[in-house]
Amino acid sequence: MSSVFYAYFRNVNDDVTYRYVAAFASREIADEWWRAVSESSNIRFANSVKRITPQLYTHDPTVYVVYTSLTTPDVAPGFLGKVVFTLLPNRDVVGFVPISSPDMTDHVSGNIFYIRSKANPKYYWYCPPGKSGFVTSGTPIYTSTKNRSRFRVTRIPKYSSTPNGTVMIDDDKIYITLAASADLSVTTRQTPDGISQVILGSSGTMQLGDLNRSFRADSGLILPCSCDSGSNGKGQCTCGSGDLVRELVKTNDGEEWELFN
């Protein structure tokens, strides 16, 4: 998980009163709090808070003051101790320091992303075309320093149809499809030597949180110019183009990856 994450809450009725800054235990906790509030059975509370960006919300204190989400039983009491709401002074007070606004990717279901390493952001997930010039089912996924593929990440609702646009959280079940072909999704297959190789297939699901713990770039480095899935279950890349490529595998001791756009 990341470090403390901050967000502003502005009074929807004016720009002076009931303005808060919230310190969440992490960016992930902020998104989970928002999911709890926005899907609360307390419709009046849910409708009184709007998410503009990951770090900017509005709330209507004539309905509910936002910090009471932590003490209202049917809203988000499970987040008491994971977030602190602090009332801000009037906007004209001298010396107020705005919170930092780091570049970030909003994890919205249905959007298109690149997937890159958190530890070494120059590495991206890459699906190379085969000898035919197209990416086909069975194509292994690699990490590349010079090439990258675009993926659409979509939340799978638990109970009923949910339109795209929902902010995804780590516990969400998702499927990741190649942006250029909705028929090809990220899945795995076992190789003869027992490796869980990450490939594109006809179906495949995971949790969003799997990107934090379940995938690792294999240690073997290859210099490809074209690749295919191979008849032996192992992806083959031939000749060199100066691109450092590592095969992606699923494992219990994975690296951290992040969605990026």
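The first residue in the sequence is number 1, and the count goes up from there.
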Heavy-atom closest contact (Phe5 atom, Pro54 atom, distance): CE2-O, 3.5 Å
Ser109 OG to Leu208 CG distance, which is reported to the nearest 0.5 Å: 10.0 Å
Qualifying ring pair (Phe, Tyr, Trp, His ring centres under 6.0 Å) pairs with a residue from residues 176-203, counting only residues at least two apart or across chains: none
Residue from Val63, Thr68, Asp60, Asp74 passing side chain to side chain contact (heavy atoms under 4.5 Å, CB included) with Phe45: Thr68
Verdict with supporting geometry, Asp31 and Arg35, salt bridge (charged side-chain N to carboxylate O under 4.0 Å, His left out): CA-CA 6 Å; Asp31 286 346; Arg35 173 68 66 78; over 6 Å; no
Matching residue for Ile169 among His107, Arg155, Glu32 - test: side chain to side chain contact (heavy atoms under 4.5 Å, CB included): Glu32
Where Thr177 and Ala182 come nearest, the two heavy atoms and their spacing: CG2-O, 3.7 Å
Side chain to side chain donor-acceptor pair (under 3.5 Å) assessment of Thr17 paired with Asp14: CA-CA 7 Å; Thr17 63; Asp14 63 55; 2.8 Å; yes
Donor-acceptor contact present, side-chain Ser137 to main-chain Gly201, <3.5 Å: no
Non-hydrogen atoms of Pro140 and Pro128 that approach each other most closely: O-CD, 3.9 Å
Within 6.0 angstrom of Tyr20 OH, more than 12 heavy atoms from elsewhere: yes
Worked verdict on Ser181 versus Asp183 for side chain to side chain donor-acceptor pair (under 3.5 Å): CA-CA 5 Å; Ser181 176; Asp183 296 329; 4.7 Å; no
Non-hydrogen side-chain atoms of Asn212 and Asp170 separated by less than 4.5 Å: yes
Parallel, tilted or perpendicular: ring planes of Trp125 versus Phe151, cut at 30 and 60 degrees: perpendicular
Validation row: Pro77, Thr72 side chains within 4.5 angstrom (heavy atoms): no
Side chain to side chain donor-acceptor pair (under 3.5 Å) between Gln55 and Thr53, worked out: CA-CA 5 Å; Gln55 288 190 289; Thr53 72; over 6 Å; no
Partner of Tyr57 by ring pair (Phe, Tyr, Trp, His ring centres under 6.0 Å), out of Tyr67, Trp34, Tyr8: Trp34
Worked verdict on Ser48 versus Tyr64 for side chain to side chain contact (heavy atoms under 4.5 Å, CB included): CA-CA 7 Å; Ser48 71; Tyr64 282 100; 4.3 Å; yes
Ile176 and Ile115, any side-chain heavy atoms less than 4.5 Å apart: yes
Residue pair Ser69 / Val37: nearest heavy atoms and the distance that separates them: CB-CG2, 4.3 Å
Output field: ring centroids Trp33/Phe9 closer than 6.0 Å: yes
Min side-chain heavy-atom separation Thr58-Asn11 under 4.5 Å: no
Atom pair CG (Leu70) and NZ (Lys82), whose distance is rounded to the nearest 0.5 Å: 11.0 Å
Whether Asp210 side chain and Gln207 backbone form a donor-acceptor pair below 3.5 Å: yes
Side chain Glu255, main chain Ala217, donor-acceptor under 3.5 Å: yes
Exercise: do Gln190 and Gln197 side chains pair donor with acceptor under 3.5 Å: no
Whether Thr139 side chain and Val135 backbone form a donor-acceptor pair below 3.5 Å: no
Flag side-chain contact, heavy atom, 4.5 Å: Asp172 against Ile156: no
Side chain to side chain contact (heavy atoms under 4.5 Å, CB included) between Leu178 and Ser149, intermediate numbers included: CA-CA 8 Å; Leu178 192 65; Ser149 297; 4.1 Å; yes
Identified salt bridge (charged side-chain N to carboxylate O under 4.0 Å, His left out) counterpart of Glu258 within the set Arg27, Lys118, Arg116: Arg116
Phe85 and Phe24 aromatic ring geometry - parallel, tilted or perpendicular at 30°/60° bounds: perpendicular
Side chains of Phe134 and Pro129 in contact at under 4.5 Å (non-hydrogen atoms): no
Given Thr251, Leu248, Val198, the one that forms side chain to side chain contact (heavy atoms under 4.5 Å, CB included) with Arg216: Thr251
Parallel, tilted or perpendicular: ring planes of Tyr114 versus Phe260, cut at 30 and 60 degrees: tilted
Distance-minimising heavy-atom pair for Ser40 and Ala46: O-CB, 4.3 Å
Pi-cation contact, Tyr142 with Arg246 (under 6.0 Å, within 45°): no
Inter-residue atom distance Asn261.CG - Thr105.OG1, 0.5 Å rounding: 4.0 Å
Phe79 side chain reached by Ile29 side chain, heavy atoms, under 4.5 Å: yes
Results of salt bridge (Lys or Arg N to Asp or Glu O under 4.0 Å) for Arg148 - residues two or more places apart only: none
Val66 to His59 - nearest heavy-atom pair and separation: N-ND1, 3.4 Å
Arg51 and Asp106, any side-chain heavy atoms less than 4.5 Å apart: yes
Arg152 side chain to Phe113 backbone, donor-acceptor under 3.5 Å: no
